[in-house]
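Written below as structure tokens is the structure these notes are about.
Below, all heavy atoms of this structure are taken into account, side chains as well, without hydrogens, waters or symmetry copies.
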Amino acid sequence: MKTTNEKKIIKTLILFVFFVGFLTIACFAVENKDSNVPPRGIPPSTNPSVGPPGAPTDAVSPIEAMGYGDFRGVIHAHSYLSHDSEGAASRMIQAAQTTGIQFILMTDHPSAYSVNHGLRGFHGGVFFLPGAELASSDGSILAIGLQENINTRDTQSAIDEIVRQGGVALFGHIEGIKDWDAVGWDGMEIYNTHYDAILDGKIDKTIALVPRLEKEPDRVWLSILDKPTLYLNAWDAALKKRRVTGIAANDSHENVVYKGIQLDTYERSYGLVNTHLFLMELSEAEILKALKLGHAYVCFEVFSSCRGFSFTATDGKNIAIMGDDFTIGKETTSSLAVSIPEEAKIQLLKDGNIIKESTGTSLSMDLTEAGVYRVEIYMQVGKKLQPWIYSNPIYVR
């Protein structure tokens, strides 16, 4: 029979062996722990989709991974509420659904009903905001997000009233603007379909192709398209003085009929070029905010979808997207990065001048100098380089 001391010794040895074994197993578990398994008490990640409701669920760019949705829309659009269009609301909704448009910012010519009878909010899954194209002494002003009509031809008075109503003021048809000294405006057209089609002298070429419209509609429609050099030069000149958001103007009317053929269907107009906005939600407040900040880019969607495009600046900790200010880090390396969904010619511009270019799906550059940086991207279509993407600037300080 074992003595009491022997029993105590045996018990102590058993506890010691158990304790050593437990430590061994615990250490082994720590060393071989699955990194996807959280510590006890913390629920495992369900990998929720990033982005706001209404946006595609899978983030495909660094900007979308930040929680923004890349929303595709139409700016500068006319309907039956304008004197020069008979386009019905149902036609706009139908065309938007067909072409994948998520928002339309209306700019009907002013009338007693152009704002208070204009579509506002979601209709057929498409988000609308009423507004107006205001004629000024030397061009036009796109008033986005109006609450009531504005009746004035004075540029500064119109801008002041747009601001009072909480809207966004954009210069339109900038080929006619001579006085850029007004204050309080937010942005400008950097492409306008109407100017490209008619005012730059190619309308005869387009009309000559009308007999091919039914068999080759893309060829006829694309005959109007050129790089908007005049608009881009005016934008760069304005950017030397102030922040300016660049947008595309569809200037859609669905009012051009030639020999019984509708040349400018809403589908063609909406499908040619779009303005993309990075939004946390598809709402009036977020749209107006993005336009003011320049969280936007222009895409000639007729050639290919642009979703996945990204232009950012970072110092490894902070990140800026299009429209943001960015301060070059003093202790860390700062850089710019461009990525696109498919191969094309990428041009990086500083203060309006090309400083780097490459052909591929990405471009990057260390940042050492302050300036206004933006991106132009061109796609090879047949024998011609066609405009595809124009970014808004990152303002580097």
Side-chain angles (χ1 to χ4, degrees), residues 61-66 68 70 171 174 180-181 183 185-191 227-247 275-278 289-299 306 308-341 343-379 385 387-397:
S61 77
I63 297 176
E64 288 187 46
M66 296 168 65
Y68 288 99
D70 183 337
F171 275 130
I174 59 96
W180 294 85
D181 293 332
V183 297
W185 54 285
D186 302 289
M188 59 182 282
E189 297 175 349
I190 60 173
Y191 177 82
K227 177 180 178 179
T229 302
L230 184 148
Y231 278 48
L232 294 175
N233 288 344
W235 190 29
D236 285 327
L239 286 169
K240 292 178 180 178
K241 301 177 181 179
R242 64 194 305 279
R243 299 171 60 92
V244 182
T245 299
I247 61 100
T275 302
H276 287 242
L277 299 179
F278 289 109
K289 177 182 175 182
L291 287 172
K292 286 179 176 291
L293 292 177
H295 289 176
Y297 66 93
V298 168
C299 170
C306 295
F309 168 65
S310 175
F311 176 41
T312 58
T314 185
D315 58 8
K317 179 179 180 181
N318 303 298
I319 186 168
I321 70 172
M322 287 162 270
D324 287 345
D325 287 310
F326 179 79
T327 301
I328 296 174
K330 295 181 179 179
E331 299 179 356
T332 58
T333 300
S334 296
S335 61
L336 292 169
V338 180
S339 60
I340 52 179
E343 186 173 295
K345 184 176 183 179
I346 306 170
Q347 296 179 338
L348 177 64
L349 292 84
K350 173 180 175 288
D351 300 328
N353 300 308
I354 299 173
I355 58 171
K356 188 172 183 179
E357 61 183 349
S358 68
T359 298
T361 58
S362 64
L363 179 150
S364 61
M365 186 190 79
D366 287 346
L367 266 177
T368 58
E369 297 180 344
V372 178
Y373 292 82
R374 64 180 186 83
V375 174
E376 295 181 9
I377 300 173
Y378 297 87
M379 177 172 283
L385 274 178
W388 185 29
I389 300 172
Y390 294 131
S391 81
N392 265 276
I394 295 175
Y395 303 88
V396 178
R397 314 302 182 190

Side chain to side chain, [X] and [Y], heavy atoms closer than 4.5 Å:
{"X": "Ile247", "Y": "Leu291", "result": "yes"}
{"X": "Ser61", "Y": "Tyr68", "result": "no"}
{"X": "Phe309", "Y": "His276", "result": "no"}

List the atom pairs, donor and acceptor, that lie under 3.5 Å between side-chain atoms in residues 361-369 and the rest of the protein, sequence neighbours left out.
none

What's the spacing between [X] [atom1] and [Y] [atom2] if we round to 0.5 Å?
{"X": "Arg374", "Y": "Leu349", "atom1": "CZ", "atom2": "CG", "value": "5.0 Å"}
{"X": "Ile394", "Y": "Lys350", "atom1": "CD1", "atom2": "NZ", "value": "14.5 Å"}
{"X": "Leu336", "Y": "Leu348", "atom1": "CG", "atom2": "CG", "value": "6.0 Å"}
{"X": "Lys356", "Y": "Gln347", "atom1": "NZ", "atom2": "CD", "value": "13.5 Å"}
{"X": "Trp388", "Y": "Lys345", "atom1": "CH2", "atom2": "NZ", "value": "15.0 Å"}

Is the distance between the ring centroids of Phe311 and Tyr297 less than 6.0 Å?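 Aromatic pair excluded; centres sit 6.0 Å or further apart.
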
Taking only residues two or more places apart in sequence or in another chain, which ones pass side-chain contact (heavy atoms from CB on, under 4.5 Å) with Ala296?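 With neighbours one apart ignored, the set is Thr275, Leu277, Asn392.
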
Tell me every residue that passes side-chain contact (heavy atoms from CB on, under 4.5 Å) with Pro62, counting only those two or more places apart in sequence or in another chain. Ser310, Ser339

Thr245 side chain to Gly187 main-chain N or O, any donor-acceptor pair under 3.5 Å? no

Could you note down all residue pairs passing salt bridge (charged side-chain N to carboxylate O under 4.0 Å, His left out) where residues 388-397 supplies at least one of them, sequence neighbours left out? Asp325-Arg397

[X] versus [Y], closest heavy-atom pair with distance:
{"X": "Val244", "Y": "Ala238", "result": "CG2-CB, 3.9 Å"}
{"X": "Ile328", "Y": "Ala370", "result": "CD1-N, 4.0 Å"}
{"X": "Val372", "Y": "Pro393", "result": "CG1-CB, 3.5 Å"}
{"X": "Trp235", "Y": "Ser391", "result": "CH2-O, 3.2 Å"}

Evaluation steps, side-chain contact (heavy atoms from CB on, under 4.5 Å), between Tyr191 and Leu232: CA-CA 8 Å; Tyr191 177 82; Leu232 294 175; over 6 Å; no

For a side-chain contact (heavy atoms from CB on, under 4.5 Å) check, start with the C-alpha distance between Asp70 and Phe278, then their side-chain angles and the critical distance, and finish with the verdict. CA-CA 5 Å; Asp70 183 337; Phe278 289 109; 3.9 Å; yes

With sequence neighbours excluded, tell me which residues meet ring-ring contact (aromatic ring centres under 6.0 Å, His included) with Phe171. Trp180, Trp185

Tabulate below the donor-acceptor pairs under 3.5 Å that side-chain atoms of residues 312-322 make, not counting sequence neighbours, or state none.
unit_1	atom_1	unit_2	atom_2	d
Thr314	OG1	Gly316	N	3.0
Thr314	OG1	Asn318	O	2.7
Asp315	OD1	Lys317	N	2.9
Asp315	OD1	Asn318	N	2.7
Asp315	OD2	Asn318	ND2	3.2

Around Lys292, counting heavy atoms of other residues, nucleotides and ligands shown, do more than 12 lie under 6.0 Å from its NZ? yes

Step by step, work out the side-chain contact (heavy atoms from CB on, under 4.5 Å) result for Tyr395 and Leu239. CA-CA 10 Å; Tyr395 303 88; Leu239 286 169; 3.5 Å; yes

Check against side-chain contact (heavy atoms from CB on, under 4.5 Å), Ile355 and Tyr373: CA-CA 10 Å; Ile355 58 171; Tyr373 292 82; 3.7 Å; yes

